[in-house]
Amino acid sequence: MQLKNVIDSPCGLRFMLDELELQSGFARRWLLDSPMMTRDEEIAASYAVLHRFTDFIDRVEKTHLDTLLFKLQGLKDIRTTIRNLSQSAVLDDIELFEIKHLAILATDVAKLMEKHGMGGVVEIPALDGVITILDPDGMKIATFYIYDSYCAQLKDLRAQMRQHPDQQDDLLLQASELEEGVRRDLSVQLHPFAAAIEQAQIALAQIDVCLAKAMQMRQMGLSFPMLSNDGTSNYHCMFHPQVKVALAAHGREFQPVDITYGMQPTLITGANMGGKTVVLKTLTLCQLLFQFGFGIPAASAQIAVKDEIYFCIGDEQSVEKGLSSFAAEMKNIDAVIKASRMNKRLLALIDEPARTTNPTEGTALVTALLKVLTGSAVSLVMTTHYDIEPGEARCLRVKGIENGEMDYRLVEVQDGEVPHEALNIAQSLGIDSEWIGIARNLLESYPQP
């Protein structure tokens, strides 16, 4: 799975990508094409590199950082040109310029990285040979021209063209043939460098991405995660960056959450507006950020690697497939159940399943789902507004209304009973008092279980 396949997940991943200060369009395309990491060693190596970049931006002078960022703005997507070169095509002047420009850029960035103690953190192939071929006069200017020094005969023809304007047409034809010969010869000389040129382009994109990730970590207060080796994931003071920004715009603060989950199913209950959905969105976001090598929105985190991540949230009506919200939700959850039988490490985050059906059937479906996934290779975190028997599941509840204010912290409880706080929450929102009063009277008249 590539990053571009999950960028529009409702967990808020696109917000994180949009907030990255990438310098080049190619780096963004390279990042979107990057696959999700599923090996502990690969993830550890990725964060080791990111550590070096965060240290770099912390210690380097801003002018030096700005110089490097400015250089990276010159990175262009020349994959088509590189492919033509690798296939032994004769390159035109624009393609030869693109290769020369990249070679000079890669050399300049490599020197800057070396100067600031970052040499070898991202390996940039040496392209001095490419520059020698495309810059025979040693001008170190990122432009390209069929220089006279490439061909003595061409140099003479050009001199004749200047001296004999009346013979322009004939001489121009001869010069064009010689220039094409030069392009053919240059393409042959450059062909052995095709792989190194491609690697240099990717290395520059990686540097751009790592710098952007490092700057985002400092700007958003993100942390480096630890890898869990026992299947348990733990977050201390976890927050959702997008929600935090939205609350700050209204003068409010995001209340961080602590949560731990593992292979034992975790059931989260709580009143409406209790932040249960935000918890699931944040857990999904953190897992994806972790497996694509980003900083984690938490004071600290220990995260288990998963092969697949499922985020099932309500209201997933599919117009294209002709599915109702309930049908689409059932299909998504069914995919989780099927995947759980394929011996993969899965994370399933399911938000209030069966919310759109009647309470009797909804309760039965949620209870049955918990039974089906208990004991499987799935790390399940599920929210619900139904009172269900949790079985072997660990139960967490949003703390709820205290002193007239919502406390979003999660506390462990012994059963899956949902707190009845809807009327208190409605009252705190300033909802019509007559409506709330009648509802309270009706509630008190109902038989108590």
Side-chain angles (χ1 to χ4, degrees), residues 6 9-17 19-20 36 43 47 50 54 213 216-248 252-271 273-306 309-313 347-352 379-384 393-400 402 405-413:
V6 291
S9 164
C11 68
L13 187 58
R14 179 174 284 278
F15 173 82
M16 298 298 290
L17 265 68
E19 292 298 305
L20 277 181
M36 186 177 81
I43 294 173
Y47 278 116
L50 187 54
T54 54
K213 286 180 177 179
Q216 185 179 72
M217 288 190 70
R218 293 298 180 251
Q219 291 162 0
M220 291 187 173
L222 311 181
S223 66
F224 282 100
M226 295 178 61
L227 276 81
S228 169
N229 54 18
D230 64 357
T232 300
S233 294
N234 177 279
Y235 296 91
H236 175 58
C237 290
M238 179 182 74
F239 64 93
H240 194 290
Q242 186 174 10
V243 177
K244 183 177 180 179
V245 169
L247 289 174
R252 299 167 60 194
E253 292 187 3
F254 187 99
Q255 184 176 15
V257 172
D258 296 345
I259 186 170
T260 299
Y261 66 87
M263 302 311 296
Q264 178 187 15
T266 298
L267 188 67
I268 302 177
T269 62
M273 293 181 59
K276 303 188 300 298
T277 299
V278 173
V279 169
L280 287 196
K281 286 186 175 184
T282 312
L283 288 175
T284 306
L285 177 64
C286 287
Q287 191 73 36
L288 289 170
L289 292 174
F290 171 62
Q291 297 197 220
F292 284 103
F294 287 72
I296 304 301
S300 64
Q302 186 177 30
I303 309 176
V305 181
K306 301 298 179 182
I309 303 161
Y310 291 86
F311 180 34
C312 303
I313 190 169
L347 172 61
L349 302 120
I350 305 177
D351 187 37
E352 298 200 8
S379 288
L380 172 67
V381 183
M382 181 169 65
T383 65
T384 185
R394 176 169 173 258
C395 296
L396 301 177
R397 177 173 63 81
V398 177
K399 201 162 187 181
E402 283 194 353
E405 294 186 357
M406 176 64 74
D407 188 334
Y408 295 97
R409 287 176 295 174
L410 298 173
V411 293
E412 190 156 4
V413 292

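The CD atom of Q287 lies 8.0 Å from the CE atom of M36; values are rounded to the nearest 0.5 Å. Rounded to the nearest 0.5 angstrom, I268 CD1 and T277 OG1 are separated by 9.5 Å. Taking OG from S233 and CG from L347, the interatomic distance works out to 7.0 Å, rounded to the nearest 0.5 Å. Rounding to the nearest 0.5 angstrom, the gap separating the CD atom in E352 from the CE atom in M382 is 10.5 Å. Distance check: R14 CZ to S9 OG gives 11.5 Å after rounding to the nearest 0.5 Å.
Across all non-hydrogen atoms, the minimal contact from L17 to F294 is CD1-CZ, 4.0 Å. Taking both residues in full, the closest heavy atoms of C286 and I303 are given as O-CD1, 4.4 Å, listed atom of the first, atom of the second, then distance. Scanning all heavy atoms of the two residues, the minimum distance from F254 to L247 falls at CA-CD1, 3.8 Å. Residue G231 comes nearest to S379 through the heavy atom pair O-OG, 4.1 Å, listed as atom of the first residue, atom of the second, then distance. In terms of heavy atoms, I43 sits closest to Q291 at CD1-CG, 4.3 Å. Of all heavy-atom pairs between P241 and L285, the closest is CD-CD2, 3.9 Å.
Side-chain atoms of L283 and M238, non-hydrogen and from C-beta on, do get closer than 4.5 Å to each other. Within the 4.5 Å cutoff, the side chain of Y261 has no heavy atoms near those of the L396 side chain. Between L222 and F239 the shortest side-chain heavy-atom distance falls below 4.5 Å. Considering only heavy atoms from C-beta on, T260 comes within 4.5 Å of T232 through its side chain. A 4.5 Å side-chain heavy-atom check between E19 and Q242 finds every atom pair outside the cut-off. Residues L410 and D258 have side chains not in contact (no heavy-atom distance under 4.5 Å, counting atoms from C-beta outward). You'll find the side chain of Y235 reaches within 4.5 Å of the side chain of I296, heavy atoms only. Taking the side chain as every heavy atom from C-beta outward, F311 and I309 never approach each other to under 4.5 Å.
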Assess whether side chain to side chain contact (heavy atoms under 4.5 Å, CB included) is satisfied between N234 and M226, documenting all intermediate values.
CA-CA 10 Å; N234 177 279; M226 295 178 61; over 6 Å; no
What do the steps show when you test L289 against L13 for side chain to side chain contact (heavy atoms under 4.5 Å, CB included), and what is the final call?
CA-CA 8 Å; L289 292 174; L13 187 58; 3.8 Å; yes
After noting the C-alpha distance and the side-chain angles of L288 and M16, does the key distance pass the side chain to side chain contact (heavy atoms under 4.5 Å, CB included) rule?
CA-CA 11 Å; L288 289 170; M16 298 298 290; over 6 Å; no
Go through F224 and T54 one step at a time and tell me if the side chain to side chain contact (heavy atoms under 4.5 Å, CB included) criterion holds.
CA-CA 10 Å; F224 282 100; T54 54; 3.6 Å; yes
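Using the six-membered ring where Trp is involved, Y47 and F290 have ring planes that are parallel, under 30° apart on the 30 and 60° scheme.
Counting only residues at least two apart or in different chains, salt bridge (Lys or Arg N to Asp or Glu O under 4.0 Å) contacts with residues 218-233 comprise D58-R218.
Heavy atoms from other residues, nucleotides or ligands lying under 6.0 Å from CD of E412 number more than 12.
With sequence neighbours left out, Y310 forms a side-chain hydrogen bond (donor to acceptor under 3.5 Å, both in side chains) with E308.
Between the side chain of H240 and the backbone N or O of P297, no donor-acceptor pair lies under 3.5 Å.
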